Amino acid sequence: MRVLIVMAMHAEAEPVVRELGLKPVETPPWAAPVPMRLWRGQIGANEVDLVVNGQDPETGLDLIGTQAATASTMLGCEAFKPDLVVSAGTCGGFAKRDGSIGKVYLATDRVWYHDRRVPIPGFEQMARGGYPVADFSEVGSRLGLEPGVVSTGDSLDLSAEDSERIEEVDAHAKEMEAAAVAWVAGLFGAQFTALKSVTDIVDGPHPPEEEFFENLKQATENLAANVVGFVNELGVRT
Ligand code: SAH
């Protein structure tokens, strides 16, 4: 199987590159202007590749959110022709749904957008996403991952409208990339799933931007360990 991991931030990706022993791959000439970066590796019988968003040329900051995730996934799919695409990263969790810092969710059901509102028949449904997630529940339970519904939007804060959408799908993980990754994976005929590690509690007492940095190290370590565990488990025949 060919597995493509798609990650937003350098800090999230660095331990995954190290622990999987991935090697950098040159960006194809047609993609020279984009800041996305590629890596390739082999884990057991599986080819495991990685695309990371890279930095915004204007600000030097890590690119996050759906527009960068779309471009990254397209580049990764074109370069590596994956069978499975995994959106891996951090997320906000929900105390009311048993979320806690460092918990890692494996996506389940469908992945949604919570910030795209187009009240025109047909377009509304398209805007909400609801892209299918492949069933890796057996791998997930072997690794002790929590199944969770993932919901995507382009803001770190939470508006009342976004919150309503998140509650409609009982999302466990609020983040900024997965639905975009899932959409492109679907276009390329690849399966999709997501692994999301909690950095902040959306319905807790602290603002996400404070909790995010406090917990980024713990969350990324847990994420890397589980990304490695997940790709190793894919090679295990049951
Ligand atoms: N401010 C940070 C990065 C932004 S945090 C910086 O300057 O580096 C947003 C990133 O973490 C996104 O990639 C998103 O997918 C994830 N994330 C973590 N917690 C989130 C939350 N509560 N809401 C939305 N995205 C979250």
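Here the structure is a predicted model, which means the values were calculated and not measured. Counting starts at 1 for both ligands and their atoms, following the listed order. Here, residue 1 is the first one in the sequence, and each next residue gets the next number.
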Give every pair made of an N or O atom of ligand 1 and a protein N or O atom lying under 3.5 Å apart, one pair per line with both atom names and the distance to 0.1 Å, or write 'none'.
from	atom 1	to	atom 2	distance (Å)
ligand 1	11 (O)	Thr90	OG1	3.1
ligand 1	13 (O)	Glu177	OE1	3.2
ligand 1	13 (O)	Glu177	OE2	2.7
ligand 1	15 (O)	Met176	N	3.0
ligand 1	15 (O)	Glu177	OE1	2.6
ligand 1	19 (N)	Gly92	N	3.2
ligand 1	19 (N)	Thr199	OG1	3.4
ligand 1	19 (N)	Asp200	OD1	2.7
ligand 1	22 (N)	Asp200	OD2	2.7
ligand 1	23 (N)	Lys174	NZ	2.8

- Query: Would you say Val149 and Asp109 make side-chain contact, with heavy atoms under 4.5 Å?
  - Reply: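 Of all side-chain heavy-atom pairs linking Asp109 with Val149, at least one is under 4.5 Å.
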
- Query: Would you say the side chain of Val150 lies within less than 4.5 Å of the side chain of Tyr105, judging by non-hydrogen atoms?
  - Reply: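 Of all side-chain heavy-atom pairs linking Val150 with Tyr105, none is under 4.5 Å.
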
- In terms of side-chain geometry, is the basic nitrogen of Glu164 or Arg117 positioned less than 4.0 Å from the acidic oxygen of its partner?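 A salt bridge is absent here (no side-chain N lies under 4.0 Å from a carboxylate O).
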
- Message: Looking at Glu168 and Arg110, is any side-chain nitrogen of the basic one under 4.0 Å from a carboxylate oxygen of the acidic one?
- Response: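 No, no charged N to carboxylate O under 4.0 Å.
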
- Message: Checking Thr152 against Glu175: is there a side-chain donor and acceptor pair closer than 3.5 Å?
- Response: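 There is such a pair (donor and acceptor under 3.5 Å, judged by atom type) between the side chains of Glu175 and Thr152.
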
- Query: If only atom types and distance count, is the side chain of Asp115 paired as donor or acceptor with the main-chain N or O of Asp162 below 3.5 Å?
  - Reply: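 Absent.
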
